[in-house]
Amino acid sequence: MKTAIKLVAALPALALVTACSTMNPTMPEPPATTTPTTNAANPTTVAYDRMSPVSYACTDNSSILAKQSINKKQATITATVPKLNWSQQQLILIGGVQGDTASYVNDSNPEIIYAWHMQGDEGVLAMKWASGQTYQVDCKVGR
């Protein structure tokens, strides 16, 4: 859990660094639906309400459907990211909410870390590969 807290705390810095990056990364194969290793509880026991996920339109023609668990400790996203050749790729991330900011991380794959960060009607999906390569899409609700 401490790793997740550290990653969540570092997310704004990661977003700032990656916002300046113009490199086109070489993308790995899309992951299977992944479950974060830092979640001690079985992710299938986390409750979600019955409301529809929030739809985000993102840079690079990407789109994300995001939904938080009722306790706000987990989020699921369904991402379509053309530059990654993703079409409705599902990820489960853990984290939480502090004030009006929600940050979630999935570090289950040693080759890549996924981070989803939301504040107001904006979101950022950021990825960092073990090689140091980064990529992110900036999103806005209903854009």
Side-chain angles (χ1 to χ4, degrees), residues 1-41 43-44 46-49 51-143:
M1 185 62 145
K2 289 183 180 182
T3 301
I5 292 170
K6 289 178 185 176
L7 289 171
V8 169
L11 186 59
L14 174 66
L16 179 61
V17 169
T18 58
C20 299
S21 176
T22 58
M23 178 175 76
N24 277 336
T26 303
M27 302 305 158
E29 290 296 312
T33 300
T34 55
T35 304
T37 57
T38 52
N39 188 355
T44 59
V46 176
Y48 285 80
D49 65 29
M51 299 294 288
S52 297
V54 177
S55 179
Y56 289 83
C58 310
T59 55
D60 292 341
N61 267 344
S62 299
S63 62
I64 292 177
L65 295 174
K67 191 165 189 172
Q68 295 171 294
S69 62
I70 291 172
N71 67 3
K72 307 292 188 214
K73 300 215 183 271
Q74 183 173 299
T76 60
I77 65 170
T78 303
T80 297
V81 183
K83 279 197 172 183
L84 299 178
N85 294 320
W86 286 6
S87 178
Q88 298 189 355
Q89 179 63 48
Q90 292 186 332
L91 290 170
I92 299 171
L93 305 101
I94 62 164
V97 176
Q98 187 169 13
D100 66 346
T101 303
S103 296
Y104 299 93
V105 175
N106 181 318
D107 60 357
S108 65
N109 182 341
E111 296 299 315
I112 187 170
I113 296 173
Y114 304 95
W116 173 242
H117 178 76
M118 298 179 292
Q119 185 173 24
D121 66 348
E122 296 181 349
V124 174
L125 174 63
M127 290 143 276
K128 183 173 184 181
W129 284 264
S131 66
Q133 198 170 20
T134 60
Y135 178 71
Q136 83 174 36
V137 292
D138 301 315
C139 308
K140 190 163 180 112
V141 173
R143 181 166 43 154

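What you see is a predicted model, and the numbers here were worked out from it, not measured in a lab.
Contact check for Thr101 versus His117: side-chain heavy atoms found under the 4.5 Å cut-off.
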Check the pair Leu91, Trp116 against side chain to side chain contact (heavy atoms under 4.5 Å, CB included), reporting the backbone distance first and the verdict last. CA-CA 10 Å; Leu91 290 170; Trp116 173 242; over 6 Å; no
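Closest approach of Tyr104 and Lys73 over heavy atoms only: CE2-C, 3.8 Å. Smallest separation of non-hydrogen atoms from Ser52 and Lys67: N-NZ, 4.4 Å. The shortest non-hydrogen separation linking Val97 to Gly99 is CG1-O, 3.5 Å. Between Ala126 and Gln136, the shortest heavy-atom distance links the atoms CA-CB, 3.9 Å. Taking both residues in full, the closest heavy atoms of Tyr56 and Met118 are given as OH-SD, 3.4 Å, listed atom of the first, atom of the second, then distance.
For the atom pair CD of Gln74 and CG of Asn106, the computed distance is 9.5 Å after rounding to the nearest 0.5 Å. Interatomic distance, Leu84 CG to Met127 CE, rounded to the nearest 0.5 Å: 5.0 Å.
When each of Leu93, Ile77, Asp138, Thr59 is paired with Leu125, the side-chain contact (heavy atoms from CB on, under 4.5 Å) condition holds for Ile77 and for no other.
In this structure, Asn61 places its CG atom where only 12 or fewer heavy-atom neighbours from other residues, nucleotides or ligands lie under 6.0 Å away. Surrounding CD of Gln98 are at most 12 heavy atoms belonging to other residues, nucleotides or ligands under 6.0 Å away.
In this structure a side-chain-to-backbone donor-acceptor pair under 3.5 Å is present from Thr80 to Gln88.
By the 30° and 60° cut-offs, the orientation of the rings of Trp86 relative to Tyr114 is tilted.
Side chains of Asp60 and Ser62: a donor-acceptor N/O pair is absent below 3.5 angstrom, by distance only.
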